[in-house]
Amino acid sequence: MEIKTDFLVIGSGIGGLSYALKVSEVGEVVIVTKKQDTESNTNYAQGGIASVFSKDDSFELHIQDTLKAGDGLGNPEVVRRVVEAGPGCVEELVNIGVNFSKRKGEKKQFDLGLEGGHSKNRVVHVADFTGKEIESCLVQAVKSKKNIRILEDHLAIDLITQHHLIGYKRKPDEKIKCWGAYVLDIEKNQVITCLAKVTLLATGGAGRVYLHTTNPSIATGDGLAMAYRAGSPVANLEFLQFHPTALYHPQGDSFLISEAVRGEGGILRLQSGETFMEEYHPRKELAPRDVVARAIDHELKKSGDACVYLDVTHLDQKFIKLRFPQIYGKCLSLGIDITREPIPVVPAAHYICGGVVSDLEGKTGIENLYVCGEVACTGMHGANRLASNSLLEAVAFADFSAKSSKKKLKTLKEFTFPPIPQWSLKGVFDQKEWVIISHDRDWIQRFMWDYVGIVRSNRRLEQAKKRIQILLDEITQFYKVNPVTYDVIELRNIAIVAGLIIDCAIQRKESRGLHYNIDHPERDDKNWLKDTLLKSEEE
Ligand code: FAD
Ligand code: SIN
């Protein structure tokens, strides 16, 4: 089966949906998304969107805070453009119906939260379920457009490039071009050739490469792996952000306890009740995330305890229920009344700062392929992302990419697709060895957590490299001879992304931002004030 469209959008989080709305002004759009339309990291965002709204704040301060968190690797031009676009981005969300929380007694003034690394209150939010509200308004807005089609339960497998043309030999200086993607219709178990003049990758993050993560099951790094396989450069994947406070509970599934809880006065304590953050940073609980996560990791290794505690019992009970209804409800459902007892928390993989390299218009190294949101590496976050800067970056870059894509489409009006073959099932049959899939996935997640986690060492990284190489060979072989399924596609992507994270981490012989290696504990500006770039050799 074949579909033809002007714009193919892969992913229905804040990045993909915002872009789709804008490009639909000039052409037909197909959105493919691997589960239900709202299922995304976006849907689980709690804290909010960082943007300058207060009189005592300024773009300069937001830029400074962002670059400081980025630890020397943020791109000042990108940061300025995104920060300055912030208020407009928030306004656009308001226009599609997002009802951000207002200051007590006020009708218009946003309630501005404070989070780690921010010098001012600037986080616009909807109580503690900002992402859910944004996602649902965006899905509604997209559904009201006649020329946007959303295909749920459609999993993109691979980008279509010259590599797929039968007998075609690309000239040495010929740019790689993208003409859409092969997509698995999960219900029909059929691969569709989805041809598009312009393609946007907005597949989100890769938290599921790790055993403990705040990310939902969709976050398997598919876009990153697809772009890398197709020949687009990827960068800075060693900068994996661990959120300091995921709920520690057997049925908690690493549910996030928002940084905004610390912003409102939450205190971190050891099992003994003692506080500890004052030993690590002058801003204590509101130190940047990497500092807090490493402090907790260090305390847990020292004490042998399973978790630390986040205490809000000193705050007003009514306020807690109003400001954090989701967190209060979730904890209560597990038997923890947060107004009376501290919340058990541990760090968990949360956000990948690196990704598919993009320029200021969201263009990648592949012609007609754009990227935005968590899958992209735009230069906004550098070595560490400032809290609540991710939703902001995704909406801003959706806009930059949409503007550029609309222009691109104009140049492609007379365009015809080359003869692109349908997905081939030649040489493929069910080997009935599916147990390998669940076993390998579990193994990768475990050793990534143990060897490529918050604190790294040369030895652990080398061990991880050896293991992933063995697994990658095994999985690639399995992929070639078995029919494609959801699980195999994800496993292959998880393994590729794990390998890329390890390669970036091995390359960087220093500690900076989120990457901490005990064998290279210092920041080394002389040799490492640069991105770690990877590009696939085979095409
Ligand atoms: P996503 O929202 O993750 O969307 C990705 C989409 O791609 C999904 O629809 C997915 O199904 C689809 N997809 C993936 N692979 C495929 C494939 N192969 N084929 C088809 N579809 C595919 N950031 C902030 O700025 N503020 C916050 O308060 C905040 N809180 C957070 C809380 C949690 C619990 C988490 C997990 C993250 C939080 N973040 C926050 C980070 C932020 O939510 C994400 O970085 C952002 O939402 C990413 O948006 P996106 O559009 O790039 O990707
Ligand atoms: C949070 O609410 O703590 C998450 C904010 C973010 O990841 O930016």
Side-chain angles (χ1 to χ4, degrees), residues 8-19 31-51 113 115-118 123-126 128-132 134-135 138-139 150-159 181-184 186 194 200-208 213-226 241 243-246 254-263 289 324 326-327 348-353 355 371-376 381 385-395 397-398 486 489-490 493:
L8 170 65
V9 175
I10 309 178
S12 62
I14 189 169
L17 296 174
S18 306
Y19 172 93
I31 303 175
V32 292
T33 190
K34 68 181 182 182
K35 288 200 183 269
Q36 301 88 346
D37 50 17
T38 54
E39 189 56 4
S40 56
N41 273 7
T42 303
N43 201 40
Y44 297 86
Q46 294 184 0
I49 304 190
S51 189
E115 291 181 16
H118 288 277
V123 181
V124 181
H125 62 96
V126 184
D128 64 352
F129 50 89
T130 313
K132 202 174 169 66
I134 291 177
E135 186 67 27
L138 278 169
V139 166
I150 304 193
L151 303 177
E152 295 181 306
D153 298 312
H154 278 65
L155 173 74
I157 307 169
D158 263 324
L159 296 168
Y182 289 113
V183 175
L184 177 68
I186 294 157
C194 204
L200 174 83
L201 264 185
T203 47
R208 291 277 162 168
T213 176
T214 61
N215 292 190
S217 66
I218 53 97
T220 49
D222 297 359
L224 246 168
M226 275 190 271
Q241 185 170 72
H243 197 292
T245 58
S254 301
F255 174 77
L256 181 73
I257 307 296
S258 175
E259 191 149 321
V261 173
R262 279 172 284 135
R289 254 176 217 181
F324 302 113
Q326 191 186 187
I327 294 172
H350 183 63
Y351 184 88
I352 189 151
C353 291
V371 72
C372 80
E374 193 165 337
V375 63
H381 308 306
R385 175 181 67 102
L386 192 63
S388 288
N389 260 357
S390 160
L391 293 175
L392 170 65
E393 184 214 30
V395 202
F397 264 88
Y486 191 101
I489 294 164
E490 278 197 349
N493 291 334

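Positions are given from 1 along the sequence. First listed ligand is number 1; within each ligand, the first listed atom is number 1.
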Would you kindly specify which portion of E39 sits under 4.0 Å from ligand 1, judged on non-hydrogen atoms: side chain, backbone, both or neither? backbone
Determine whether the side chain, the backbone, both or neither of D222 has a heavy atom under 4.0 Å from any heavy atom of ligand 1. side chain
Could you tell me if any non-hydrogen atom of Q241 lies under 4.0 Å from any atom of ligand 2? no
Examine ligand 1 and decide if any of its atoms is less than 4.0 Å from a heavy atom belonging to E393. no
For ligand 2 and G47, I'd like to know whether there is a polar contact (N/O to N/O, distance under 3.5 Å). yes
Contact atoms of ligand 2, heavy-atom distance to S388 under 4.0 Å: 6 (C), 8 (O)
T203 side, atom OG1; M226 side, atom CE - distance, nearest 0.5 Å: 5.5 Å
Approximate separation, where rounding is to 0.5 Å, of I134 CD1 and H125 NE2: 12.0 Å
List ligand 1 atoms under 4.0 Å from G373, heavy atoms only on the residue side. 52 (O)
Could you tell me which non-hydrogen atom of E135 sits nearest to which non-hydrogen atom of D37, and how far apart they are? OE2-O, 3.3 Å
Where is the nearest protein heavy atom to atom 19 (N) of ligand 1: which residue, which atom, and how far? A156 N, 2.8 Å
Could you list which atoms of ligand 1 come closer than 4.0 Å to a heavy atom of V32? 20 (C), 21 (N)
Determine yes or no for a side-chain-to-main-chain donor-acceptor pair under 3.5 angstrom, with S388 supplying the side chain and G48 the backbone. yes
With heavy atoms only and a cut-off of under 4.0 Å, state how T245 meets ligand 2: side chain, backbone, both or neither. neither
Return the closest protein heavy atom for atom 39 (N) of ligand 1 as residue, atom name and distance. H350 NE2, 4.1 Å
Is any side-chain heavy atom of H154 closer than 4.5 Å to one of C194? no
For ligand 1, is any non-hydrogen atom under 4.0 Å from N389's backbone (N, CA, C, O), its side chain (CB onward), both, or neither? backbone
Using a 4.0 Å cut-off to any heavy atom of H243, which atoms of ligand 2 qualify? 1 (C), 3 (O), 4 (C)
Could you tell me, atom by atom, which parts of ligand 1 come under 4.0 Å of a heavy atom of A202? 5 (C), 6 (C), 7 (O)
Tell me the protein heavy atom at minimum distance from atom 4 (C) of ligand 2, and give that distance in Å. R289 NH2, 3.5 Å
Where R289 and H350 come nearest, the two heavy atoms and their spacing: NH1-CD2, 3.4 Å
What is the nearest protein non-hydrogen atom to atom 3 (O) of ligand 2, stated with its residue, atom name and distance? E259 N, 2.6 Å
Return the residue, atom name and 0.1 Å-rounded distance of the protein heavy atom closest to atom 34 (C) of ligand 1. Y44 O, 3.5 Å
Can you find an N or O of N215 that's nearer than 3.5 Å to an N or O of ligand 1? no
So which protein heavy atom does atom 2 (O) of ligand 2 come closest to, and at what separation? S258 OG, 2.6 Å
For atom 26 (N) of ligand 1, what's the nearest protein heavy atom and its distance? G48 O, 2.8 Å
Nearest-0.5 Å distance, OG1 of residue T245 to CG of residue L256: 6.0 Å
Scanning both residues in full, the closest heavy-atom pair of T220 with N493 reads O-CB, 3.8 Å
Any heavy atom of H125 closer to ligand 1 than 4.0 angstrom? no
Separation between OG1 of T214 and CG of N41, rounded to the nearest 0.5 Å: 7.0 Å
Go through ligand 2 atom by atom and flag the ones less than 4.0 Å from a non-hydrogen atom of E115. 5 (C)
Closest heavy-atom pair and its distance - I218, E39: CG2-CG, 4.0 Å
Any D128 heavy atom less than 4.0 Å from ligand 2: no
So is I49 touching ligand 1 or not, going by heavy atoms under 4.0 Å? no
Minimum heavy-atom distance A387-G116, with the two atoms named: CB-O, 4.1 Å
With a 4.0 Å cut-off, would you call E393 and R385 a salt bridge? no
Can you pull out the closest protein heavy atom to atom 31 (C) of ligand 1? Residue, atom name and distance to 0.1 Å, please. A45 CA, 3.4 Å
So for S388, does at least one of its heavy atoms come nearer than 4.0 angstrom to any atom of ligand 1? yes
State the atoms of ligand 1, each with its element, that fall below the 4.0 Å cut-off from a heavy-atom position in Y351. 45 (O)
Quick test: of every protein heavy atom, which one is nearest to atom 51 (O) of ligand 1, and how far off is it to 0.1 Å? G15 N, 2.9 Å
Donor-acceptor pair, side chain of Q241 and main chain of C353, under 3.5 angstrom: no
When rounded to the nearest 0.5 angstrom, what is the spacing between OH in Y19 and CD1 in I31? 11.0 Å
Just verifying a value: how many Å separate E259 CD and H118 NE2, rounded to the nearest 0.5 Å? 7.5 Å
I'd like to know if L155 contacts ligand 1, where contact means a heavy-atom distance under 4.0 Å to any ligand atom. yes
Can you name the atoms of ligand 1, numbered from 1 with element, that are less than 4.0 Å from a heavy atom of H154? 19 (N), 20 (C)
The protein heavy atom nearest to atom 25 (O) of ligand 1 is L391 N, 2.8 Å
Scanning both residues in full, the closest heavy-atom pair of S217 with K35 reads OG-CE, 3.3 Å
Which ligand 2 atoms does A387 reach within 4.0 Å, using its non-hydrogen atoms? 8 (O)
Does at least one non-hydrogen atom of R385 fall below 4.0 angstrom from an atom of ligand 1? yes
Tell me whether ligand 1 is touched by V375 - counting only heavy atoms on the residue side and a distance under 4.0 Å. no
Return the residue, atom name and 0.1 Å-rounded distance of the protein heavy atom closest to atom 53 (O) of ligand 1. G204 CA, 3.2 Å
